2 protein chains.
Amino acid sequence: MAATRATLVHVASLAGVSVASASRALNGMVASPETVAKVRAAAASLGYVPDATARSLKLGHSLQLAFAVDDVGNPVYVEMMRAIETVVSRSGYRLLVSSTGAGPTDAVDLVRSLSRGYADGLVISPLRVTSELVSELQRAAVPVVVVGSLPAEVRLDTVQTNSAHGVGLAVAHLIETGRRRIGFVNGPLDTTPGSARQRGFEGAYAAVGLQADVHEVQQVAKDFTVAAGRTAALELLDRHRAGSGAVMLDAIIAANDLLAFGVIHAVLELGLRVPQDVAVVGMDDTELASVFNPGLTSVSLGSAARGRHAAELLLARLTDPQLPASRIVVQPRLVVRGSTDIAATHDGSRR
Amino acid sequence: MAATRATLVHVASLAGVSVASASRALNGMVASPETVAKVRAAAASLGYVPDATARSLKLGHSLQLAFAVDDVGNPVYVEMMRAIETVVSRSGYRLLVSSTGAGPTDAVDLVRSLSRGYADGLVISPLRVTSELVSELQRAAVPVVVVGSLPAEVRLDTVQTNSAHGVGLAVAHLIETGRRRIGFVNGPLDTTPGSARQRGFEGAYAAVGLQADVHEVQQVAKDFTVAAGRTAALELLDRHRAGSGAVMLDAIIAANDLLAFGVIHAVLELGLRVPQDVAVVGMDDTELASVFNPGLTSVSLGSAARGRHAAELLLARLTDPQLPASRIVVQPRLVVRGSTDIAATHDGSRR
DNA sequence: GTTCCCACTGGAAACGTTTCCACGTGCTAG
DNA sequence: CTAGCACGTGGAAACGTTTCCAGTGGGAAC
């Protein structure tokens, strides 16, 4: 029960060598076999463990990486985080997690604070990309990898997904299975995902030659949550009733799995069936999608894969800072389940 | 674009004062108004930001707290983590998260590594509590708060929940709503939650005077996942068929929401209805429970509250290490939804 | 006019490492 | 026999802070 932790000085004096030799012996630098033995023995008997802070100060790096996200609780980010944690810890780094929160300046503050030197790199997945954030990211004190889209001219490592194309997959699938009156519950348009998905929807809508006005079949939810999805869907469905009161939509795409769950709730509340009356497609293919009842057809945007790539990109840049900025694109993939395909209803498998 | 970051020496020399004065001026210690002004100006013009590592080394604390858990991806832990992150960051600490993984020695290694001094405290929520882990926790280099149960004699801060009582609530609710043949899908018995819930189930079963053998109505899943829950439920239901093939259970309690989702899948696959033929109760009341369809009746064990308490306990101990070890118990609470109560089926609210 | 105190300051030590540098040794090559 | 080299070592500087300590000056009290 040492009152205070053993330091290298104690080890050195117990081993009867200088601190320099002790350090070398423990770190496998040049040292005679007997020195190594003596030092090892001394270290073991004192229960010596090198101090991470002192080491960091001297070496100039912290062996820590940060992951920043608006809300750690969101399932998409959880999968991403798990993947990042795996990669990062395998390389001997520790992972700092911070919720930047909704406030637009919080993310900026976080990036600025990186110059305190507590982390060697950052993976960030911002919901809203302001120009202030972008410029702050570019002048960040440590390498940054962005998960999400940035203005084209920005030279930063990014990992993206083609979510516009993802919406296209969803539309194509619905058309293929006979739906013609497709609604869209989107998230806030000032978020990067929100605007990308709107573009995707408009494009897909035009491509398949549907006649209706896009704005008539789109409804914007106030955020990416289940409750907001339900509210938006109720409004959307209400807007599309025929004179008889019959609903005129036969499918709804949601910008997000959480929104999609809300949409399903709304549809069921109105006494309609999923997928027979209204098919529903989500996006992100979170773990919950396969668990839900009915299973949620969802466009996988590869959260785990994106997390893994982001972490690997960051590690690569740390070992070679000269690398040109690279951009990895993870292609979306449609996973069909019961919410669009009655035959798949009781698929209890987890993807 | 400074080639190297500005340090306090630069600030001091630009301001024309000593490093000592510069430090004092910036930290609000005694200093003349004009010194403060000069130093502030110099710091601002150089974009000076104090180095976290050097500060930590000198001050002897890292301003970092760690959160360790078997799998960051599990929804229960996610809510816990979110709560911890909120509390901790509000107090100016950063949060390190680490998945200790299934390996039993990983947690031990992690606790040992705390003596490297990279964190000032730890919140840990181990699935399996070995005696080696306990002794390591007791001799840990920094304060530790355990979320979960420990042997009674261990003097450590803990935040617990009475999950045995939680199972009791579930049983009582089912009895009250007319069910008499209640099955139990548990997680692995060598985990702390698993064994506690088994005791709870046995106690409750005896208390209400049900006649059947407990072991006949219990089925152990191989882990706490949806897939395992489904498999276990299929087996359990199969064991309890009458000669006619009719199922003889009218309710199943699962040790975990994920298991419960699996159970519901199994029940539906067999062509039975939830809750009319078989009622299902989960445990943890994760966000998914309210989202699921039907809404899952679940015993809330207050994950977020436990996380918050754990973080606060840790902060309190950091400010006063002499505090006696305290034990906070969060009482379970039953949240009734559609999976046991047909009237609550279309409750779209989020708790 | 002296003494005391107070507010403020700068030099230097310290936190626990790693690493530069100079200094032995003992050897081999010339 | 000496120059050179390889190897191993210890002293000391360095990383960027904070803080102890000993001063400095000026003003108030006697």
Side-chain angles (χ1 to χ4, degrees), chain A residues 2-40 42-43 46-64 113-120 141-142, chain B residues 2-40 42-43 46-64 113-120 141-142:
Chain A
T4 173
R5 275 179 37 211
T7 100
L8 200 54
V9 215
H10 303 136
V11 174
S13 86
L14 177 59
V17 300
S18 73
V19 217
S21 296
S23 172
R24 280 187 295 249
L26 291 175
N27 292 322
M29 326 272 314
V30 40
S32 76
E34 56 264 42
T35 303
V36 173
K38 279 188 298 183
V39 172
R40 284 241 179 90
L46 290 176
Y48 169 74
V49 178
D51 183 84
T53 313
R55 201 161 213 276
S56 291
L57 177 59
K58 184 64 200 181
L59 262 27
H61 59 325
S62 60
L63 281 185
Q64 297 189 152
S113 78
L114 284 174
S115 54
R116 303 184 102 81
Y118 58 82
D120 299 337
V142 297
Chain B
T4 174
R5 273 178 42 209
T7 103
L8 200 52
V9 222
H10 303 136
V11 175
S13 87
L14 178 58
V17 300
S18 73
V19 219
S21 295
S23 172
R24 279 187 296 251
L26 291 176
N27 292 322
M29 327 269 316
V30 40
S32 77
E34 56 264 41
T35 304
V36 174
K38 278 187 299 182
V39 173
R40 285 243 179 90
L46 291 176
Y48 169 73
V49 178
D51 183 82
T53 314
R55 200 160 211 276
S56 291
L57 177 59
K58 184 65 199 177
L59 263 26
H61 60 303
S62 62
L63 281 183
Q64 297 190 151
S113 78
L114 284 175
S115 55
R116 304 185 100 82
Y118 59 81
D120 299 336
V142 297

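Everything numeric in this text was worked out from a predicted model, so none of it was measured.
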| Closest non-hydrogen atom pair, A:T53 against B:G117 | OG1-O, 3.7 Å

| said: I'd like to know if the side chain of A:S62 reaches the main chain of A:Y118, judged simply by a donor and an acceptor atom lying under 3.5 Å from each other, with no hydrogens or angles considered. | reply: yes

| said: Within this structure, what is the CD-CG distance for the pair B:Q64 and B:D120, rounded to the nearest 0.5 Å? | reply: 8.0 Å

| task | Give the minimum heavy-atom separation between B:L8 and B:S23, together with the two atoms involved. | result | CD2-CB, 3.7 Å

Pairs under 3.5 Å (N/O, protein and nucleotides 6-9 of chain C):
from	atom 1	to	atom 2	distance (Å)
C:dT9	OP1	B:S32	OG	2.9
C:dT9	OP1	B:T35	OG1	2.2
C:dT9	OP2	B:S32	N	3.1
C:dT9	OP2	B:T35	OG1	3.4

| task | First locate atom OG of B:S13, then atom CG of B:L46, and finally report the distance between them rounded to the nearest 0.5 Å. | result | 8.0 Å

| Looking at B:Y48 and B:T7, what are the two nearest heavy atoms and their distance? | CE1-C, 3.6 Å

| message | Categorize B:V49 for me: base, sugar-phosphate, or nothing, with a 4.0 angstrom heavy-atom threshold over every strand shown. | response | sugar-phosphate

| request: Find the bend of the helix from C:dG1-D:dC30 to C:dG30-D:dC1 as the angle between its two terminal axes (five pairs each), to the nearest 10°. | output: 60°

| remark: Students should find that the nucleotides of DNA chain D closing off the region near chain A, any atom under 4.0 angstrom from a heavy atom, are D:dG8 to D:dG16

| Can you list the residues that meet the side chain to side chain donor-acceptor pair (under 3.5 Å) rule with A:R55, with sequence neighbours excluded? | A:N27

| salt bridge (charged side-chain N to carboxylate O under 4.0 Å, His left out): pairs with one or both residues in residues 9-38 of chain B, sequence neighbours excluded | none

| note | Rounding to 0.5 Å, atoms NE2 (B:H10) and CZ (B:R5) come to a distance of 11.0 Å

| field | Exercise: identify the closest heavy-atom pair between A:A22 and A:V17 | value | N-CG2, 4.1 Å

| With a non-hydrogen cut-off below 4.0 angstrom, is B:S23 in contact with a base, only sugar-phosphate, or nothing? | base

What N/O pairs connect the protein and nucleotides 22-26 of chain C at under 3.5 Å? Give each pair on its own line.
none

| Where each residue is assigned the nucleotide of DNA chain C containing its nearest heavy atom, which of B:A20 and A:V19 is assigned the position nearer the 5′ end? | B:A20

| Nearest heavy-atom pair of B:V142 and B:A119: which atoms, and what distance? | CG1-O, 3.3 Å

| note | A:S115 and B:V49 have their tightest heavy-atom pair at OG-CG2, 3.5 Å

